[in-house]
Amino acid sequence: KSALDSLKETISKKTTELSEAAKSSEEKYYEENKKIEGLDPEKLQSEKNTADQELGDLKEALRITKDLQEKRSQVTGKEKELADLQNRNNDIEKELKALTITQISSELEVLKKSYTLMTSESWELHRKTLNEGDACPLCGSTHHPYSNVKSLKPVVSELERLIEVKETELKRQESIKSTLENERSTNIGKIEGCQESISELKKATGELEASWAELKKEHTDWEPDLDK
């Protein structure tokens, strides 16, 4: 077989293949064209609008459920913070009541008066006039253990010690009281802030729940517990 004959056969074969491919493509074109010709453009646009609305509603639903979860979590956190602050202030009240500042102040006043009496010059002169067995013109006692200055010194020293102890304890408790009252005052401010935040969060949560309810009316096929 000559080269020319081989070339003719190849050209003929390719021509046949191309012709069949063209025919197949033409048939497919007509089939697709028939499909398109059978569709209503207004119906297509309506279906597209419905699909777009569905997509938009789904995006809105996702936003609402995300916001709902965040707001509910924030409410839970704020309610816990509020409870902790209220419990702490209750504890502070108990700690304040346990302080004995009033009692210590009264005891300290008595000790200081006794100290003043025992160390004042006028009382020292008075004690010098007392004689054992004779009645004291002030209290009526006939026994005068402290008429002697030497016997009085240990008592005065003990009074000084007691006064110092009481003053130290008084300062300590007053410092505790001041710290507790400041903490309580700060907590009251925080409590008010928590209560305001909880109120605002619950309001926002209610609005989101209302929006979600409206969406569910339009999409009864959605999962009923999607907002949980």
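Numbering of residues begins at 1 and proceeds along the displayed sequence. FYI, side chains are in, hydrogens and waters are out, and symmetry mates aren't considered; it's all heavy atoms of this structure.
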Q. Closest heavy-atom contact between Tyr115 and Val156?
A. CE1-CG1, 3.5 Å
Q | Heavy-atom side-chain contact between Leu58 and Leu62 under 4.5 Å | A | no
Q: List in chain and number order the residues that pass side chain to side chain contact (heavy atoms under 4.5 Å, CB included) with Arg172, two or more places apart in sequence or in another chain; answer none if no residue qualifies.
A: Glu169, Ile176
Q: Return the set of residues passing side chain to side chain donor-acceptor pair (under 3.5 Å) with Lys217 (not counting sequence neighbours), or none when no residue passes.
A: Glu214
**Q.** Sequence-distant partners of Lys203, salt bridge (charged side-chain N to carboxylate O under 4.0 Å, His left out), two or more places apart
**A.** none
Q: Could you tell me which residues satisfy side chain to side chain contact (heavy atoms under 4.5 Å, CB included) with Lys202, sequence neighbours excluded, listed by chain and number?
A: Val75, Glu79, Ile198
**Q.** With sequence neighbours excluded, residues passing side chain to side chain donor-acceptor pair (under 3.5 Å) with Ser211
**A.** none
**Q.** With sequence neighbours excluded, residues passing salt bridge (charged side-chain N to carboxylate O under 4.0 Å, His left out) with Lys113
**A.** Glu109
Q | Hphob cluster co-occupancy, Leu82 + Leu201, side-chain heavy atoms under 4.5 angstrom | A | no
Q. What residues form a side chain to side chain donor-acceptor pair (under 3.5 Å) with Glu167, not counting sequence neighbours?
A. Lys112
Q. Got a sec: does the CD of Glu158 have more than 12 other heavy atoms crowding it under 6.0 Å?
A. yes
Q) Who pairs with Glu60 by side chain to side chain donor-acceptor pair (under 3.5 Å), at least two apart in sequence or on another chain? A) Arg63
**Q.** Any residue meeting salt bridge (charged side-chain N to carboxylate O under 4.0 Å, His left out) with Glu160, in chain and number order, not counting sequence neighbours
**A.** none
(Q) Please report the interatomic distance CG(Leu96) to CD(Glu181), rounded to the nearest 0.5 Å. (A) 6.0 Å
Q: Rounded to the nearest 0.5 Å, what's the gap from CG on Asn187 to CG on Asn89? Could you check?
A: 4.5 Å
Q) Honestly curious: do Leu85 and Ile92 fall in one hydrophobic cluster under the side-chain, below-4.5 Å linking rule? A) no
Q: Mind checking the CG-CH2 spacing from Leu68 to Trp212? Nearest 0.5 Å is all I need.
A: 9.0 Å
**Q.** Residues which pass side chain to side chain contact (heavy atoms under 4.5 Å, CB included) with Ser105, listed by chain and number, not counting sequence neighbours
**A.** Ile101, Leu170
Q | Point-to-point distance, once rounded to the nearest 0.5 Å, from CD of Glu164 to CG of Leu111 | A | 12.5 Å
(Q) Using 0.5 Å steps for rounding, measure from the NZ atom of Lys78 to the OG atom of Ser199. (A) 13.0 Å
Q.
Treating Ser175 as the side-chain partner and Lys171 as the backbone partner, does any N or O pair qualify as donor plus acceptor under 3.5 Å?
A. no
Q. With no hydrogens and no angle check, is any side-chain donor or acceptor of Ser106 less than 3.5 Å from a backbone partner on Thr102?
A. yes
Q) In terms of hydrophobic clusters joined by side-chain contacts under 4.5 Å, are Ile188 and Leu180 together? A) no
Q: Any pair with a residue in residues 82-107 that passes salt bridge (charged side-chain N to carboxylate O under 4.0 Å, His left out), sequence neighbours left out, goes on the list, sorted by first then second residue, please.
A: Lys80-Asp84, Arg88-Glu95, Arg88-Glu183, Glu93-Arg184, Glu107-Lys166
Q) Can you name the residues that form a salt bridge (charged side-chain N to carboxylate O under 4.0 Å, His left out) with Glu70, not counting sequence neighbours? A) none
Q) When rounded to the nearest 0.5 angstrom, what distance separates CD in Gln195 from CD in Glu200? A) 12.5 Å
